[in-house]
Amino acid sequence: MHLEADINAEATCDLDPIKGPIDPLIFVENFTIEEGLTSYEFNVSITIPDDIDSGDYHCSYSVTDTTGWQSITSIDIKIVD
């Protein structure tokens, strides 16, 4: 199947200036899940310090089973001043 189209779109948006990290939040933690479960729900609370850089953060979560199969999900958050 092929779709051919002539699309013209104009848009303007205000972007925050690009900045380098000064004091970013970096959080890495590993958890062990007991064996034999067929499902597991986790709830992790993360305290966000007051002195980290504001801006866009990407949070990624992954689970790997004993055979090496992996599932990954992620969410983007914005830290504001």
Side-chain angles (χ1 to χ4, degrees):
M1 177 178 270
H2 175 73
L3 172 65
E4 187 171 329
D6 184 15
I7 300 172
N8 293 312
E10 292 186 24
T12 59
C13 58
D14 296 324
L15 299 176
D16 292 335
I18 296 174
K19 61 181 183 178
I22 297 171
D23 192 14
L25 173 63
I26 299 174
F27 178 83
V28 176
E29 189 162 346
N30 293 310
F31 299 93
T32 301
I33 299 172
E34 64 183 88
E35 292 186 36
L37 299 176
T38 57
S39 67
Y40 186 81
E41 183 175 325
F42 66 95
N43 182 353
V44 177
S45 296
I46 299 172
T47 301
I48 299 175
D50 292 331
D51 61 346
I52 65 166
D53 293 343
S54 60
D56 298 315
Y57 283 80
H58 181 76
C59 305
S60 178
Y61 305 93
S62 65
V63 176
T64 306
D65 69 13
T66 56
T67 63
W69 286 93
Q70 189 175 62
S71 181
I72 301 172
T73 190
S74 61
I75 186 171
D76 294 315
I77 62 171
K78 180 180 282 286
I79 304 292
V80 295
D81 290 329

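To the nearest 0.5 Å, atoms CD1 (Ile77) and CG (Leu25) are separated by 7.5 Å. Here Thr67 contributes atom OG1 and Gln70 contributes atom CD; the two are 11.0 Å apart, rounded to the nearest 0.5 Å.
Side chains of Val44 and Phe31 form a contact here, defined as non-hydrogen atoms less than 4.5 Å apart. In this structure, the side chains of Asp23 and Asp51 come closer than 4.5 Å at one or more pairs of heavy atoms. At least one side-chain heavy atom of Asp81 sits less than 4.5 Å from a side-chain heavy atom of Ser54. When side chains are defined from C-beta on, Ile52 does not count as touching Pro24, because their heavy atoms never get closer than 4.5 Å.
Minimum interatomic distance between Ser74 and Ser60 (heavy atoms only, all atoms of both residues): CB-CA, 4.0 Å. In terms of heavy atoms, Ile22 sits closest to Asp53 at N-OD2, 2.7 Å.
The 12-atom threshold is not exceeded at CD1 of Ile75, counting heavy atoms of other residues, nucleotides or ligands nearer than 6.0 Å.
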Exercise. Stepwise, does the side-chain contact (heavy atoms from CB on, under 4.5 Å) test hold for Tyr57 with Asp76?
Worked result: CA-CA 6 Å; Tyr57 283 80; Asp76 294 315; over 6 Å; no
For this session: Evaluate the side-chain contact (heavy atoms from CB on, under 4.5 Å) criterion for residues Ile46 and Phe27: first the C-alpha distance (whole Å), next the side-chain angles of each, then the deciding distance (0.1 Å), finally the verdict.
Result: CA-CA 9 Å; Ile46 299 172; Phe27 178 83; 3.9 Å; yes
Exercise. For Trp69 and Val63, what are the C-alpha separation, side-chain angles and deciding distance, and is it a side-chain contact (heavy atoms from CB on, under 4.5 Å)?
Worked result: CA-CA 8 Å; Trp69 286 93; Val63 176; over 6 Å; no
